Amino acid sequence: MRMSKLFAPTLREVPAEAEVASHQYLLRAGYIRKTAAGMYSYLPLAWRVLRKIENIVREEMDQAGGQEVLLPALQPAELWRESGRWDVYGKELFRLQDRHERDFCLGPTHEEIITALVRKEINSWRDLPLLLYQIQTKFRDEIRPRSGLIRCREFIMKDLYSFDRDEKGQSVSYKAMYKAYSKIFTRCGLKFKAVEADSGAIGGTGSHEFMVLAETGESVIVYCPSCDYAANLERAVSTPATADPSSKVEQPLQKVHTPSKYSIEEVTGFLNVPASKLVKTLLYRIIYRDREELAVVAVRGDRDVNEIKLKNALQALEVELADPITVERVTGAPVGFAGPVDLQGMPILADPEVTLINNAVVGANQHDYHLINVSYGRDWTATKIVDLKNVIEGDPCPRCNASLKTTRGIEVGHIFNLGTKYSVALKAMYLDENGASKPIIMGCYGIGIPRTMAAAVEQHHDRDGIIWPVSIAPYQVSIVPVNYNDKKQRLLAEELYFMLSKANVEVVIDDRDERAGVKFNDADLMGFPLRITIGPRSLKDKKIEIRRRLDGMVWLVDKEAVIDKIQTELAELTQQ
RNA sequence: CGGGGUAUAGCUCAGUUUGGUAGAGCGCUUGCUUGGGGUGCAAGAGGCCAGCGGUUCAAAUCCGCUUACUCCGACCA
């Protein structure tokens, strides 16, 4: 490719809209342009990167037994009504109507379509397992698109769906995908972690998210430094405490005046007790498909409720904190003075930790009063005791009790056992060896392609721009003649361009009438792994100068050795 | 959904407080110059000041509404 022809308009300044590194550099280096919030146009360089990622994905999917298909992006509402998701999916689903006012949606995912396809064609256990995948554009009306390519409303995704006879077969498919995903992200040059993820109300053998480690990631990951335990925050647990280490002597319940002490900090400061002695009592609105109710949630004062855990514990559609008026109506006190003692008429969910506190402090359900020396069992009991808290750094690992750590990540892949949720709803059945009709066991396995590209930039950049892993670089080498108008430089540059192209090295030549500095900066910004510089310096010694983007390492080699050296270095970089 | 911010040239931004008919840097065009990390000089082109409606002799500027973009929060008692 000739830089004089390449459609990659670079920007000298950081566009005001870009916050994170991947967004800034992809814009500045001329890879992407925004069309609207959460919608991007991919320019030639980005498209090359995306296709490379796609091809790695494709190879590994094929390797794992997948077959590629292409499915409609525009989907009829009937199928979504059949699966029940037309009503459940909510605002995130892009809905539209055709000229006859029939309902459609733009597919955010393809379970319905593929299950409907498979149910018609698969009848026998002999047809299973079946692994089908597609790489195509999906649509989600995200609450808040953000961080450039990381959270978009329109994005390319690979989804593979597995169809198996039974749990055992499903587990084989799942493991094959787990392995394929590990290979894919390794090949893309990414540092990642597979973490246990929340599998929601569906249950099943589980779910893993593949997280590219990056400070700008949206998800918090909990992991153990000494064993292989890793989970996202919604899923992470720690070894439950068995007892309150403090004094066990049970004191009589007592009401104390705590004027205007609303927050945990105010109460702990006023009563001079640690936050771990408090029971944080929260009133939640629990929304089910057909009804709504209130529930009391209790965690230790130094803990936070994880609403996903709460939602799962109650099998609810949605949970949200009750508004202050409701709190006052139900507890009889303003927000800040709620407590589980004598709070009736609704379920009380308690995290196991709160039941262990000796002589706890709780709100008295009365303005400006708290209760002290509260004892679980004696003074109150929970309807349900269940893990509801966010794990924090330092909690003991549930497997080996080492101190857990947290970090952030970008979720680039998610694998999921669907069980029979869709096959039952959409009647995708098969006949087993005994002639019995059974629902197919399904799994789905997604990878966000543009997000993977963005994650790679988050992980591989410096002040000057992107530093692509070789496997996904749009071009591997750029040739920069310091002065293209100089005949000697031009001829040599063109010769090398020809030689490398012929040797199947993906190469760009900067044939623009620009200053050396401009070309160097553009090459650095765009992130090509290697650069060949041609100028009077190296020409004088009849050597070719090869520079590594990663660290600025420079080699001077003979012309005859260039291809060899380039290939060696590319291989070397790929290894790392 | 709630809250904040922003909207002026292709990009980054001044100008708005105190109304008087539009600016800088970069980019772009042309010519010369220079040629190893965004060269220097000169001459140009380029704006319905997001949109709509008010106030006024006069609005980028004041007031109201709308739209778009962006950040924060998704309420932790």
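Just so it is clear: chains get the letters A, B, ... in the order the sequence lines come, proteins before strands, and each one is counted from 1. Since the structure is predicted, the reported quantities are computational estimates derived from the model, not experimental observations.
- Among the nucleotides B:C71, B:A77, B:C76, the one closest to the side chain of A:Tyr284 is B:C76.
- Within 6.0 Å of NZ on A:Lys405 lie no more than 12 heavy atoms contributed by other residues, nucleotides or ligands.
- Judged as a salt bridge (charged side-chain N to carboxylate O under 4.0 Å, His left out), and not counting sequence neighbours, A:Glu266 has no contacts.
- The local environment of OH in A:Tyr288 is crowded, with over 12 non-hydrogen atoms from other residues, nucleotides or ligands closer than 6.0 Å.
- With hydrogens and angles ignored, no donor-acceptor pair closer than 3.5 Å exists between the side chain of A:Asp522 and the base of B:G37.
- Between the P atom of B:A77 and the CG atom of A:Leu294 lies a distance of 19 Å, rounded to the nearest Å.
- Here the side chain of A:Ile143 is nearest to one of B:A74, B:C69, B:G35, namely B:A74.
- Side chain of A:Asp304, nearest nucleotide from B:C11, B:C76, B:C69: B:C76.
- If you check every strand for non-hydrogen atoms under 4.0 Å, A:Asp513 touches a base.
- Evaluation of atom-type donor-acceptor distances gives no pair under 3.5 Å for the side chain of A:Glu514 against the base of B:G37.
- The cationic atom of A:Arg153 (NZ for Lys, CZ for Arg) does not lie both less than 6.0 Å from the six-membered ring centre of A:Phe94 and within 45° of the ring axis.
- Between the side chain of A:Asn483 and the base of B:G36, no donor-acceptor pair of N or O atoms lies under 3.5 Å.
- The cationic atom of A:Arg451 (NZ for Lys, CZ for Arg) does not lie both less than 6.0 Å from the six-membered ring centre of A:Phe155 and within 45° of the ring axis.
- Other residues, nucleotides and ligands contribute more than 12 heavy atoms inside 6.0 Å of the CG atom of A:Asp558.
- Contacts of A:Tyr262 with the nucleic acid, taken as non-hydrogen atoms under 4.0 Å apart, involve only primed sugar atoms and P, OP1 or OP2.
- Only the P atoms considered, B:U29 is 23 Å distant from B:G37, to the nearest whole Å.
- Note on A:Arg531: a base of the nucleic acid sits closer than 4.0 angstrom, heavy atoms only.
- With a cut-off of 3.5 Å on both pairing distances, the Watson-Crick or G-U wobble partner of B:C62 is B:G54.
- Comparing B:C69, B:A77, B:C11 against the side chain of A:Ala37 picks out B:C69 as the nearest.
- The base of B:G37 is not paired with the side chain of A:Arg463 by any donor and acceptor separated by under 3.5 Å.
- When each of B:G36, B:C69, B:C75 is scored by its nearest atom to the side-chain atoms of A:Ala36, the top-ranked nucleotide is B:C69.
- Contact annotation for A:Ile264: backbone-only contact, meaning every heavy-atom pair under 4.0 Å involves sugar-phosphate atoms and none involves a base.
- Side chains of A:Asp511 and A:Ser4: a donor-acceptor N/O pair is present below 3.5 angstrom, by distance only.
- B:C41 and B:G51 have their P atoms separated by 36 Å, given to the nearest Å.
- Atom P of B:G47 sits at a distance of 13 Å from the matching atom of B:A22, rounded to the whole Å.
- Rounded to an integer number of Å, the gap from A:Leu349 CG to B:C76 P is 20 Å.
- Whole-Å rounding puts the A:Glu19 CD to B:G5 P distance at 17 Å.
- If you check every strand for non-hydrogen atoms under 4.0 Å, A:Arg547 touches a base.
- B:C49 sits 16 Å from B:G20 when the C1' atoms are compared, rounded to a whole Å.
- Whole-Å rounding puts the A:Leu556 CG to B:G36 P distance at 17 Å.
- Residue A:Lys34 has a polar side-chain atom (N or O) positioned under 4.0 Å from OP1 or OP2 of B:U70.
- Heavy atoms of A:Leu282 sit under 4.0 angstrom from at least one base atom.
- Judged by Watson-Crick or G-U wobble contacts below 3.5 Å, the nucleotide B:A68 has B:U6 as its partner.
- Side-chain rings of A:Tyr89 and A:Trp80 approach one another, their centers coming within less than 6.0 Å.
- When the C1' atom is compared between B:G46 and B:C11, the two are found 13 Å apart, to the nearest whole Å.
- A donor N or O paired with an acceptor N or O is found under 3.5 Å between the base of B:G36 and the side-chain atoms of A:Glu545.
- Nearer the 5' end of RNA chain B, as judged by each residue's closest nucleotide, is the contact made by A:Asp464, out of A:Val327 and A:Asp464.
- Atom CZ in A:Arg549 sits about 16 Å away from atom P in B:G37, given to the nearest Å.
- B:C57 and B:U21: their C1' atoms are spaced 14 Å apart (whole Å).
- Along RNA chain B, the nucleotide nearest A:Ala338 and the nucleotide nearest A:Arg28 are compared for position; the residue whose nucleotide lies closer to the 5' end is A:Arg28.
- Checking A:Tyr475, A:Tyr25, A:Tyr31 one by one against A:Trp468, the ring pair (Phe, Tyr, Trp, His ring centres under 6.0 Å) holds for a single residue, A:Tyr31.
- If you take CD1 of A:Ile534 and C1' of B:G35, they are 15 Å apart, rounded to a whole angstrom.
- A:Pro334 comes within 4.0 angstrom of no nucleic acid atom, judged by non-hydrogen atoms across all strands.
- Looking at A:Arg515, its side chain comes within 3.5 Å of the base of B:U34 through a donor and an acceptor atom.
- Shown here, B:U34 forms no base pair; nothing in the strands shown gives a Watson-Crick or G-U wobble contact with both key distances under 3.5 Å.
- What separates CD of A:Glu307 from C1' of B:A77 is a distance of 13 Å, to the nearest Å.
- Using C1' as the reference atom, B:G10 and B:U16 are 24 Å apart when rounded to the nearest Å.
- For A:Ala516, taking side-chain heavy atoms from C-beta onward, the closest of the listed nucleotides B:G36, B:A77, B:A74 is B:G36.
- Rounded to whole angstrom, the span from the CZ atom of A:Arg144 across to the C1' atom of B:C1 amounts to 13 Å.
- Contact check, A:Arg537 against B:G36: no side-chain N or O comes under 4.0 Å of OP1 or OP2.
- Using atom P as the reference point in both B:A68 and B:C63, the two lie 23 Å apart (nearest Å).
- The base-pairing partner of B:A77, taking Watson-Crick or G-U wobble contacts with both distances under 3.5 Å, does not exist among the strands shown.
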